[in-house]
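Please read the structure below before turning to the comments.
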Amino acid sequence: MSVTTRREENTGYVEIDNPPVNAVDTSVRRGLLDAVRWAEAERLERVIVSGKGGMFAAGADAREFDGEPIEPHLPDVLNAIENSIVPWVAAIQGVALGGGAEIALACRMRIMASSARIGFPEVTLGVIPGAGGTQRLPRLVGLATALDIITSGKPLSASTALDTGLVHAVDDEPTDAAFMIKSEELGCVVPVRDLPAPVIDQATIATVRERVRTKSPGQVAPLRAIDVIETGLNLAFIESLVVERQAFMELRTSDQAKALRHVFFTERGAKLPVSIASDTVSLAHVAVVGGGTMGSGIAYALLNASLQVTVLEHDAAGVERARKNVASIIAASLARGLIDEPAAAERRARFIATTDYSRVADATLAIEAAFESLAVKRDVFAELENALPKEAILSSNTSYLDLNEIASVVADPSRVVGLHFFAPAHIMKLLEIVRGEHTSDTALATGFLLAKQLRKVPVVVGVCDGFVGNRILARYREAADTVLMDGSTPWEIDEAMVEFGYAMGPYAAQDLSGLDIAHANRRRQDATRDPKRRYIPIADRMIELGKLGRKSGAGWYRYPGGGGRVDDPIVADLALEEAHFAGIERVDYTADEIRERLLLAMINEATFILQEGVAKSASDIDLVTVLGYGFPRWRGGLMHYADTLGAPWIVKQLERLAVEDPVAWTISPLLQRCAETGSSITESFAQR
Ligand code: 3H9
């Protein structure tokens, strides 16, 4: 039974019961429709609808979106609730999202617990509210607020929902509060459909449209939502629902919606593989080595997860820097309203920075985030081995170095695992968990436990230079540098990738992180670089000129006065000069050609990564590229996108590029096999 009904005197209690999140699937829709008929037949005075398990409803069951729609459809069920002679009241606990929030809008009144959230996240799944949300919400909260809620997809807290008029009251016992509403009061409340439609203010619509174009470039659903709201409000309510339904149905099977569903369910599926024993150490006190930008971000993420944190530094200046860094993240979180003063004080109380390794004698996990040097890390691990209990897990946040070599200084290397965070570590959702040659199941499972506590998405990767993400990034940058040398400018390349959907292109991104990191990597790789591989020296020239990125005031771009980005003709000249030295006849690449080269380079590298077993599934690569490297979520991740191009087409283009440079464009044999068999890359590498 997905919906249960119960009568107490003249009140009907309808409970949605579809664990784990009360998704509104066919059985819930049927149950709700039956409940409408039941309440009428019983001549009830009111119905109070709630969700079992402290959760109202997470919205339509998105797993049904791949199939044909099945009756009864949600808009019809909600019309039945709204038109019923028995008034319904929504008692909201947990979340009321998407179709769940739309159920609440069809009710005569809404009471919400103070910790609950209500919202319309449909655009994050590539669709729009499809059960009256686009038309009922503006009638209730006004045009500007409704546009904001629907196009952002962000849920509202109870207090904000109350302020906007979305709910009538906030009460921690919403069912009891719904029962207490006087019948006369309930009887006077006008159904939302009968409220006057707000006046369409073209200036507001234009502003929101512009904001959406800037904030969600390339995304179809938020713009379509604006169109539907605008068109619908000019029509009779019942006709507006037809317009909404038509748009919802079109979007539901669109490429963007499929891609966004793919990422949504892949994120949820990122769990400890069943083949791995699930024993973990218990986490209470964690040692972090290094209080630089990365270490302090990790420390703050751990503090947010209620853990006790000790940052270890090698001298007093390091301790001072760590304290300052963590204090400033706490202050920034306070300023942004993410935490309040008691929460900030409580975090400060759980944090220390010290040079004294004896302070971590009871820590069960260490995360090393020291300088990226094998010698430094090996020293740190030797110290950690002495300081922490024997069963503690020792992890490294290294981005590129060989975890097996780091682990070799420890008597029991099975305790060592890689935990690769992304900056800023307290914000970015991805955690690459690196499995070394000897990493135990316990160490791996502890990595997953930590990811869960930090609310991050874990992806297991194997040892190689750069693991999954940075290895693909290196190939992306190499392809970009080659295009730069052979014919383009950094800004043309950046623009091409922004048009694809990246928030910023490879050069603007490098200016942000600093050109010196990639430079250090190139020097590290000098000894092992394939001499037949083309080497582009432009980035080295930038270092010689002191152009290290934003932090030095100039990188691939100039930042006059520390302000916005300005194209730098000197950089364009540098590329021309190097091309001249190398005797290259430059080509005028179109934006499509630039994109094709950069994307194909990444796709090809990713299939090598799969072939070597460094990543276990194509979906893992999707998670890494979307959550760690800015690949547009609405394209579903690198491998999902590759499948939209098709392996045969990809291989054909790679063959063409290999004529130019057979080393850089060596085609992955597994990609070739997918092309020959016509199979999808995602399905061929689906193992988790
Ligand atoms: C919509 O409503 C359209 C309507 O306007 C129109 C209709 C006509 N469907 O995230 P969790 C699963 S569009 C199916 O780990 P949490 C999830 O896969 C929808 N399944 O838990 C996972 O399964 P498993 C608009 C769903 O506590 C399990 O539930 N609604 C759905 O961290 C637990 O999920 C949204 O976009 C779903 N809608 O977070 C809300 N939601 O155990 C999307 C969850 O097999 N959902 N599952 O791995 C969320 O934001 C979060 O899941 C939520 C819980 C906050 C609810």
Side-chain angles (χ1 to χ4, degrees), residues 2 16 18-29 32-33 51 53-79 92-106 115-137 146 149-150 152-157 221-222 224-225 228-229 241-242 244-254 256-258 260-272 274 429 448 451-458 619 633 688:
S2 302
I16 304 170
N18 191 21
V21 292
N22 291 336
V24 183
D25 62 6
T26 308
S27 67
V28 171
R29 297 195 302 273
L32 288 172
L33 197 56
M55 163 90 72
F56 189 76
D61 187 335
R63 286 168 306 193
E64 288 188 345
F65 290 180
D66 286 319
E68 282 299 309
I70 301 169
E71 286 185 342
H73 305 306
L74 193 57
D76 300 333
V77 175
L78 301 194
N79 286 342
I92 302 167
Q93 301 259 25
V95 295
L97 297 174
E102 287 173 307
I103 294 174
L105 291 190
S115 60
R117 286 176 299 139
I118 185 165
F120 296 81
E122 282 90 343
V123 294
T124 65
L125 288 176
V127 292
I128 60 168
T134 64
Q135 304 306 312
R136 288 193 180 95
L137 190 65
I149 294 173
I150 290 175
S152 75
K154 287 198 185 116
L156 310 184
S157 66
R224 191 70 190 271
V228 168
I229 292 171
L241 294 189
V242 176
E244 181 196 70
R245 179 79 180 163
Q246 196 183 346
F248 173 79
M249 292 306 288
E250 274 172 30
L251 291 171
R252 177 180 173 271
T253 50
S254 67
Q256 289 197 6
K258 282 183 190 154
L260 287 164
R261 281 204 293 282
H262 165 70
V263 179
F264 177 83
F265 285 115
T266 306
E267 275 177 342
R268 264 92 195 150
K271 293 178 181 145
L272 185 70
V274 278
K429 282 188 78 183
F448 275 86
K452 194 169 179 195
Q453 293 197 5
L454 303 186
R455 302 185 68 85
K456 295 203 183 289
V457 178
S619 298
R633 190 179 173 96
R688 265 201 182 268

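In listed order, ligands and their atoms are each counted from 1. We number each residue from 1, following the sequence as shown. Treat the numbers as computed from the prediction; the structure is a model and nothing was measured.
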Q | Atom CD of Gln246 with >12 non-hydrogen neighbours under 6.0 angstrom | A | no

Q) Is any side-chain N of the basic residue among Arg224 and Glu244 closer than 4.0 Å to the acidic one's carboxylate O? A) no

Q: Using side-chain hydrogen bond (donor to acceptor under 3.5 Å, both in side chains) as the criterion, list what pairs up with Ser157, not counting sequence neighbours.
A: Ser159, Thr160

Q.
According to side-chain hydrogen bond (donor to acceptor under 3.5 Å, both in side chains), who are the partners of Asp66, at least two apart in sequence or on a separate chain?
A. Arg261

Q | Spacing of CD belonging to Glu64 relative to CG belonging to Leu74, to within rounding of 0.5 Å | A | 10.5 Å

Q.
Among residues at least two apart in sequence or on other chains, which ones pass ring pair (Phe, Tyr, Trp, His ring centres under 6.0 Å) with Phe65?
A. Phe248

Are there any N/O pairs under 3.5 Å between ligand 1 and the protein, and if so, what are their distances?
{"unit_1": "ligand 1", "atom_1": "2 (O)", "unit_2": "Ala60", "atom_2": "N", "d": "2.8"}
{"unit_1": "ligand 1", "atom_1": "2 (O)", "unit_2": "Gly99", "atom_2": "N", "d": "2.8"}
{"unit_1": "ligand 1", "atom_1": "5 (O)", "unit_2": "Glu102", "atom_2": "OE1", "d": "2.7"}
{"unit_1": "ligand 1", "atom_1": "5 (O)", "unit_2": "Glu122", "atom_2": "OE2", "d": "2.5"}
{"unit_1": "ligand 1", "atom_1": "5 (O)", "unit_2": "Gly130", "atom_2": "N", "d": "3.1"}
{"unit_1": "ligand 1", "atom_1": "9 (N)", "unit_2": "Ala62", "atom_2": "N", "d": "2.9"}
{"unit_1": "ligand 1", "atom_1": "10 (O)", "unit_2": "Arg268", "atom_2": "NE", "d": "2.7"}
{"unit_1": "ligand 1", "atom_1": "10 (O)", "unit_2": "Arg268", "atom_2": "NH2", "d": "3.2"}
{"unit_1": "ligand 1", "atom_1": "30 (N)", "unit_2": "Ala58", "atom_2": "O", "d": "2.8"}
{"unit_1": "ligand 1", "atom_1": "38 (N)", "unit_2": "Ala60", "atom_2": "O", "d": "3.0"}
{"unit_1": "ligand 1", "atom_1": "48 (O)", "unit_2": "Lys271", "atom_2": "NZ", "d": "2.8"}

